[in-house]
**Q** 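So that we are looking at the same thing, I have put the structure below in structure tokens.
Sequence lines set the chain letters: A, B, ... in the order given, protein chains first and strands last, and positions in each chain run from 1.
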Amino acid sequence: MIKAVTGTKDILPAEIPGWKYLESVVERIFRSFNYKEIRTPVFEETGLFARGIGEETDIVGKEMYTFIDRSETSITLKPEMTASVVRAYIEHSLGKQQQLNKLYYLSPMFRQERPQAGRQRQFHQFGCEALGSASPLLDAEIIIVAFSILKELGLKDIKVKLNSLGVPSSRENYKKILREFLKGSVKKLSEDSRKRYDANILRIFDSKIECDQEVMKDAPLLLDFIDEESKNDFELVKTLLTQSGIPFEVDPRLVRGLDYYTKTTFEIVSGKVGAQSALCGGGRYDLLIEQLGGVPAPGVGFAAGMERILLACENERTLNLPPESIDIYIIKLDKELTAAAFQTVLELRKSRLTAELDYLDRSVKAQMREANKLNARFVLFVGGDEYKSGKLNLKNMSTGEQRLFGMNDFQQIVQLIKM
RNA sequence: GUGGGCGUAGCUCAGCUGGUUAGAGUAUCAGGUUGUGGCCCUGAGGGUCAUGGGUUCAAAUCCCAUCGCCCACCCCA
């Protein structure tokens with residue numbers, strides 16, 4: 001039997017209402033904040049991600065779905081959205097039409113990792129990018145958007161973690177300090193972290209390995225060494241969040257694995273989704289646009305994992321969606337009336353009702369059971385004595401009440417059902 | 001890439017230390033009188049016990065391999 005590829009999943013009809021609901025909340029809240037939707041291709045030239053995300057990152061180093069197409073171009077399925085949005089922003093000169101572009105998206109993403117709880121190889125993210133303003137108002141705004149969406153979904157066990165990485169010059173300065181601090185302890189670090197000592201020293205903070213945490217316990221913190229401007233911006237973000245009633249905690253060890261971040265970074269984590277607890281992550285990236293060849297412009301954004309959010313909703317039992325139902329089910333009392341019944345359903349559907357009938361030539365009892373299973377609000381009997389005398393029998397399934405209508409009173413039936 | 005756990009009907013699972021035709025619940029289908037659902041009752045269909053090999057008189061049950069799934073590490077949403 002051919003099965004879905006490792007790390008991919010079918011989203012079956014039973015799960016669709018949850019997805020649609022999530023999508024509707026996302027769209028509604030982004031709209032209220034005046035973000036415009038953008039859709040980009042699922043694949044890009046590999047170089048975009050290599051340059052945008054950073055050659056040293058795990059995503060680019062070992063997780064991308066990359067292949068050579070028939071024209072010898074190296075193509076990569078998008079592992080994240082920021083690089084693509086920025087590419088589109090530059091390519092279409094969106095920054096010249098208006099200074100600030102507030103964009104949001106919903107899209108599948110692809111990363112070749114080992115699957116686990118809350119992690120797949122094809123997964124879905126929604127998120128946003130606000131391009132063209134360095135104002136901390138936007139840093140606060142996107143956190144508020146993300147938090148509002150999760151709150152609207154009813155999630156309670158969530159936490160906002162906030163940090164600032166400063167600008168590159170202050171960060172480089174700090175790296176020297178950290179490197180000096182760790183100099184004598186390198187031997188005590190794990191093998192991975194020893195590599196990071198040279199490649200990306202900040203990320204030693206991410207390590208969950210005990211010996212690393214022990215060493216890092218007393219390490220100097222980047223937050224204490226960031227430049228004056230970053231510090232002021234960070235203070236304003238905190239003030240704005242506090243004013244907006246968003247609970248957060250500053251986590252000076254929050255280092256994100258993507259190279260492009262500057263100043264504000266944040267994550268929203270859940271205690272209900274297993275080890276991969278980040279539902280949402282993002283931050284500011286003031287140099288990325290220039291780095292990808294655009295006119296220098298600042299940006300800030302986040303991405304949220306839809307599977308993880310739905311998992312959290314499931315585990316917190318927050319989504320009490322009403323069961324699906326249909327308006328009306330047509331019951332054939334006589335087999336000879338199959339064609340007439342078929343025309344009747346079509347008429348009802350033209351009147352914008354959700355209408356269904358039996359396709360399996362089953363007994364009246366079986367048809368009734370089916371109508372019940374589909375949560376039909378009404379049932380219309382076609383056939384029998386009343387049909388011979390020009391009548392149709394309409395039954396209200398919740399009250400059990402039945403009423404006869406003339407064949408010409410079709411619109412009356414429709415009106416009654418629509419009430 | 002590394003480590004741990006698991007693989008029995010569509011789904012959730014039982015099947016003890018190997019012993020005759022592999023079970024339950026649920027779902028599906030049919031029926032419970034002639035044209036009417038939900039509850040209830042009766043019955044039916046549905047399994048190469050992941051795959052391949054081995055041990056044994058005998059394997060779903062023990063051993064090995066392969067594959068798959070799950071979880072964790074790394075990292076991320």
**Q** When you compare the side chain of A:T262 with that of A:L287, does any pair of heavy atoms fall below 4.5 Å?
**A** yes
**Q** With a 4.0 Å cut-off on heavy atoms, is A:A117 in touch with a base, just the backbone sugar-phosphate, or nothing at all?
**A**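 If one applies the 4.0 Å heavy-atom cut-off, A:A117 turns out to touch the sugar-phosphate alone, with no base involved.
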**Q** Without decimals, in angstroms, what is the distance between A:K395 NZ and B:G37 C1'?
**A** 6 Å
**Q** What nucleic acid atoms does A:G118 come within less than 4.0 Å of, heavy atoms only: base, sugar-phosphate, or nothing?
**A** base
**Q** Output the rounded distance in Å from CE (A:M397) to C1' (B:G38).
**A** 8 Å
**Q** Between B:U42 and B:U33, how many Å separate the two P atoms, rounded to a whole number?
**A** 16 Å
**Q** Charged N to carboxylate O under 4.0 angstrom, A:R87 versus A:E44?
**A**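 Salt bridge between A:R87 and A:E44, a charged N being under 4.0 Å from a carboxylate O: yes.
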**Q** Mind checking the C1' distance from B:U17 to B:C62? Whole angstroms is fine.
**A** 11 Å
**Q** At less than 4.0 Å, is any side-chain N or O atom of A:Q116 found next to OP1 or OP2 of B:C73? Yes or no.
**A** yes
**Q** Side chain of A:Q402: nearest nucleotide among B:C74, B:U36, B:U2?
**A**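 The listed nucleotide nearest to A:Q402's side chain is B:U36.
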**Q** Below 4.5 Å, heavy atoms only, C-beta onward: do A:S164 and A:T265 meet side chain to side chain?
**A**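 No. Closest side-chain heavy atoms not under 4.5 Å.
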**Q** In whole angstrom, give me the gap between the P atoms of B:G3 and B:U66.
**A**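 12 Å, rounded to whole Å.
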**Q** If you check the A:F123 side chain, which of B:A77, B:G37, B:A72 turns out closest?
**A** B:A77
**Q** Rounded to whole Å, please give me the gap between CD1 in A:I158 and P in B:A77.
**A** 17 Å
**Q** So A:L333, base contact, sugar-phosphate only, or nothing? Heavy-atom distance under 4.0 Å.
**A** base
**Q** Could you measure between the two C1' atoms, the one in B:A22 and the one in B:A60, and give it in whole Å?
**A**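 That atom pair is separated by 8 Å.
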**Q** Look at all strands and tell whether A:K3 reaches a base, only sugar-phosphate, or nothing, counting heavy atoms closer than 4.0 Å.
**A** sugar-phosphate
**Q** Less than 4.5 Å apart, side chain to side chain, heavy atoms only: is that true for A:L222 and A:P252?
**A**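 No, every pair of side-chain atoms sits at 4.5 Å or beyond.
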**Q** Can you work out whether A:A376 or A:A304 has the more 5'-proximal nearest nucleotide on RNA chain B?
**A** A:A376
**Q** Using whole Å, report how far CG of A:L106 lies from C1' of B:A77.
**A**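 The answer, rounded to whole Å, is 13 Å.
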**Q** Determine whether a donor-acceptor pair (one donor, one acceptor, N or O, separation below 3.5 Å) exists between the side chain of A:Q112 and the base of B:G1.
**A**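 Checked by distance alone, the answer is no.
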**Q** Does A:Y35 have its ring centroid less than 6.0 Å away from the ring centroid of A:F30?
**A** yes
**Q** Scan A:E113 against the nucleic acid and name what it touches under 4.0 Å (heavy atoms): base, sugar-phosphate only, or nothing.
**A** base
**Q** I'd like the P distance from B:G19 over to B:G5, given in whole Å.
**A**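 Pairwise P distance, B:G5 against B:G19, rounds to 25 Å.
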**Q** Find the partner of B:G38: check Watson-Crick (N1-N3 plus N6-O4 or O6-N4) and G-U wobble (N1-O2, O6-N3) distances, both under 3.5 Å, and reply none if neither fits.
**A** none
**Q** So which one's nearest nucleotide on RNA chain B is more toward 5', A:A278 or A:R362?
**A** A:R362
**Q** C1' atom, B:U8 versus B:A24: distance in rounded Å?
**A**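 So the two C1' atoms sit 13 Å from each other.
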**Q** To the nearest Å, how far apart are A:F49 CZ and B:A77 P?
**A** 14 Å
**Q** Going by distance alone, is a donor N or O of one side chain under 3.5 Å from an acceptor N or O of the other, for A:E45 and A:S74?
**A**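 No, A:S74 and A:E45 have no side-chain donor paired with an acceptor closer than 3.5 Å.
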**Q** Is any side-chain N or O of A:K332 under 3.5 Å from a base N or O of B:G35, one able to act as donor and the other as acceptor?
**A**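 For A:K332, whose side chain was compared with the base of B:G35, there is no donor-acceptor pair (under 3.5 Å).
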**Q** Below 4.0 angstrom from OP1 or OP2 of B:A77, is there any side-chain N or O of A:R119?
**A** no
**Q** Salt-bridge test for A:E113 and A:R119: reply yes if a basic N is under 4.0 Å from a carboxylate O, no otherwise.
**A** yes
**Q** Answer with base, sugar-phosphate or nothing: what part of the nucleic acid does A:E386 contact at a heavy-atom distance below 4.0 Å?
**A**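 A:E386: base contact, heavy atoms under 4.0 Å.
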**Q** Is A:Q276 close enough to B:C73 that one of its side-chain N or O atoms is under 4.0 Å from OP1 or OP2 there?
**A** yes
**Q** Identify whether any heavy atom of A:F381 sits under 4.0 Å from a base atom; if not, whether one sits that close to sugar-phosphate; answer base, sugar-phosphate or nothing.
**A**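 Here A:F381 touches the bases of the nucleic acid.
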**Q** Rounded to the nearest 0.5 Å, what separation is found between the OG atom of A:S351 and the CZ atom of A:F410?
**A**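 Spacing of OG (A:S351) from CZ (A:F410) equals 6.0 Å.
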**Q** Is the closest basic N to carboxylate O distance between A:K395 and A:E401 below 4.0 Å?
**A**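 Salt bridge absent between A:K395 and A:E401.
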**Q** When the distance from CG of A:L360 to C1' of B:U28 is rounded to whole Å, what number comes out?
**A** 12 Å
**Q** For B:G19, give the paired nucleotide (Watson-Crick: N1-N3 plus N6-O4 or O6-N4; G-U: N1-O2 and O6-N3; both under 3.5 Å), or none.
**A**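 For B:G19, the partner nucleotide comes out as B:C57, under the 3.5 Å rule.
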**Q** Just how far, in rounded Å, is C1' of B:A77 from CD1 of A:I268?
**A**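 That distance rounds to 12 Å.
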**Q** From the list B:A72, B:G38, B:G35, which nucleotide is the closest neighbour of the side chain of A:R369?
**A** B:G38
**Q** If pairing requires Watson-Crick or G-U wobble contacts with both distances under 3.5 Å, which nucleotide is the partner of B:C49?
**A**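 Paired with B:C49, as far as the under-3.5 Å criterion goes, is no nucleotide at all.
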**Q** Within the 4.0 Å heavy-atom criterion, would you say A:D334 contacts the bases, only the backbone, or no part of the nucleic acid?
**A**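 The answer is nothing, as A:D334 stays clear of every strand by at least 4.0 Å.
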**Q** With a 4.0 Å cutoff (strictly under), does any side-chain N or O of A:S363 reach OP1 or OP2 of B:A30?
**A** no
**Q** I want to check one thing: is the phosphate of B:U28, taken as OP1 and OP2, less than 4.0 Å away from some side-chain N or O of A:K373?
**A** yes
**Q** A:K62 NZ to B:C73 C1': how many Å, rounded?
**A**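 Roughly 10 Å, once rounded to whole Å.
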**Q** Kindly say whether, by distance alone, the side chain of A:K365 makes a donor-acceptor pair under 3.5 Å with the base of B:U36?
**A**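 Counting by modelled atom types and ignoring angles, no donor-acceptor contact under 3.5 Å is found here.
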**Q** Tell me which nucleotide, if any, is Watson-Crick or G-U wobble paired with B:U2 when both distances must be under 3.5 Å.
**A** B:A72
**Q** For B:A9 versus B:G47, give the span between their P atoms, rounded off to a whole number of Å.
**A**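 It works out to 10 Å between them.
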**Q** Once you apply the 3.5 Å cut-off to both distances, tell me the Watson-Crick or G-U wobble partner of B:G25, or none.
**A** B:C11
**Q** Would you measure the distance from the C1' atom in B:C6 across to the matching atom in B:U51 and give it in whole Å?
**A** 16 Å
**Q** By the 4.0 Å heavy-atom rule, please label A:G274 as base, sugar-phosphate, or nothing.
**A**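 Counting heavy atoms under 4.0 Å across all strands, the contact made by A:G274 is with sugar-phosphate only.
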